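One structure below.
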Amino acid sequence: MNEKDFAELSAGHALHALSTEDERAYRAALEAHPEWADLVAADAQAGALLAEGFGEEEPPSEVRSALLARIAGMPQVAASFAGGPAASKPARDVPVVDEPVAAETPAADAPAADVPPVPEVPAPVAAEAEPVTPTAPPTEVVQTIQRKNWTRGLFALVASAALLVGIGWGVGAIVEQVRTPVEVQALEQIESAPDAQSVVGQFADGGEATVHWSPSVGKVVLTTAETPEIADDRSFELWYVRGDEPIAAGTFEPGEDITALLDGDMEPGDIIAVTVEEQGGSPDGTPTTDPIIAIPTNPGDA
């Protein structure tokens, strides 16, 4: 326990507001650190002053008379209003002065006005006075504070749990998105778009493939349940056929449930074609074999 923590316990001890557990911790820390005794004494003195408060004391009659005499000699602002209420009624308990009191400017060496000192309480009276015993805050106050602290802690715990749950959902969504292949994400985006389109084509040796695209998404995906069989050192290559010009759009390997995302941008009227090329694609960027499938994206070209 450091000195700051002990200071909090010491203040609570001075106010008799420590729980049993905190009281034990306070006493153990004081035994281990006797140099903190000055802090305990200061807290005890402050607690006693707070418990005693400030009592009422009647000022001596001499002080009261001297004060009223000074007030009577000061100019009264209310008297300048002729016929006013203040001019018609004399001040209560103020002695009537027959002659006006002239304002005097005290000399630099003039002695100060003698003001009687406040009389001390006689020793017998002080001895008979009952000692003031510091009282602890009511149990209801302590319990209320403890309930507030407990409730505040509960709210903090609930807020933390909600934050962790929210973070968990967010992380889960991010991880799920990272695990999903980009071509599958592209297909989902296309299918969710209001301008999604698709066309089905036939492989030369049987089987079907579908081209999906969306102008607003700006992506094109080819899907097929199963590709034709090719040699192990070969790959399928995708093409945009724009008029008489084939434009390479990426490669994919044979297999089942294929989803291939085309590279580049499709333009209206393009034909999506697939050829069989050497592993990794055509070396010169032009098809070396005839297409095994050609799917027009313009229905009029079908």
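These numbers were taken from a predicted model, which means no experiment stands behind them. Along the sequence shown, residues carry numbers from 1.
Remark: Thr251 OG1 to Gln279 CD distance equals 8.0 Å, nearest 0.5 Å. Note that CG of Leu187 is 11.5 Å distant from OG of Ser214, once rounded to the nearest 0.5 Å. A distance of 9.5 Å separates CG in Leu39 from CG in Leu30, rounded to the nearest 0.5 Å. In this structure, the separation between CD on Glu183 and CD1 on Ile258 is 9.5 Å, given to the nearest 0.5 Å. Of the inter-residue distances, the one linking Gln202 atom CD with Ile292 atom CD1 reads 12.5 Å to the nearest 0.5 angstrom. For the atom pair CG of Asp38 and OG of Ser10, the computed distance is 10.5 Å after rounding to the nearest 0.5 Å.
Other residues, nucleotides and ligands contribute more than 12 heavy atoms inside 6.0 Å of the CG atom of Asp263. The environment of Glu35 atom CD is dense: over 12 non-hydrogen atoms of other residues, nucleotides or ligands sit within 6.0 angstrom. More than 12 heavy atoms of other shown residues, nucleotides or ligands fall within 6.0 angstrom of atom CG in Asp233. Annotation: Asp205, atom CG; neighbour count of heavy atoms from other residues, nucleotides and ligands within 6.0 Å does not exceed 12. No more than 12 heavy atoms of other residues, nucleotides or ligands sit less than 6.0 Å from atom CD of Glu3.
A continuous path of hydrophobic side-chain contacts links Leu18 to Trp36 [ILVMFWY only; heavy atoms under 4.5 Å]. A continuous path of hydrophobic side-chain contacts links Trp213 to Ile272 [ILVMFWY only; heavy atoms under 4.5 Å]. Val221 and Ile271 are members of different hydrophobic clusters when ILVMFWY side chains are connected at heavy-atom separations under 4.5 Å. Residues Phe252 and Ile295 share a single hydrophobic cluster, defined by chaining ILVMFWY side chains whose heavy atoms lie under 4.5 Å apart. Under the 4.5 Å side-chain heavy-atom criterion for ILVMFWY residues, no single connected hydrophobic cluster contains both Ile293 and Val200.
Side chains of Thr224 and Thr210 form no contact here, defined as non-hydrogen atoms less than 4.5 Å apart.
Relative ring orientation between His13 and His16 is described as tilted, the plane-to-plane angle lying within the 30° to 60° band.
For the residue pair Trp239 / Thr275, a side-chain donor-acceptor distance below 3.5 Å is found, with atom types taken as modelled. With 3.5 Å as the limit, one finds a donor-acceptor pair spanning the side chains of Glu253 and Ser235. Using a 3.5 Å distance cut-off with no hydrogens or angles, the side chains of Ser216 and Asp195 do pair a donor with an acceptor.
Ser282 approaches Glu237 most closely through the heavy-atom pair N-OE1, 2.7 Å. Residue Tyr240 comes nearest to Met266 through the heavy atom pair CE2-CB, 3.5 Å, listed as atom of the first residue, atom of the second, then distance. Of all heavy-atom pairs spanning Pro296 and Val199, the tightest one is O-CG1, 3.7 Å. For the pair Pro254 and Pro228, the tightest heavy-atom approach, listed with the atom from each and the gap, is CB-O, 4.3 Å. The two residues Leu261 and Lys219 have their closest heavy-atom pair at CD1-CB, 4.3 Å. The two residues His212 and Ser198 make their nearest non-hydrogen contact at ND1-CB, 3.7 Å.
At least one donor-acceptor pair under 3.5 Å links the side chain of Glu277 to the backbone N or O of Thr288. A donor-acceptor contact shorter than 3.5 Å links the side chain of Ser19 to the backbone of Asp22.
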Next on the checklist: Run the side chain to side chain donor-acceptor pair (under 3.5 Å) test on Asp270 and Thr297 for me, step by step, so that the C-alpha distance in whole Å, both residues' side-chain angles and the decisive distance to 0.1 Å come before the verdict.
Outcome noted: CA-CA 6 Å; Asp270 285 353; Thr297 59; over 6 Å; no
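Taking a cutoff of 4.0 Å between a charged side-chain nitrogen and a carboxylate oxygen, Glu23 and Arg27 qualify as a salt bridge. Ion pairing between a basic and an acidic side chain is recognised when a charged N comes within 4.0 Å of a carboxylate O; Glu267 and Arg242 show such pairing.
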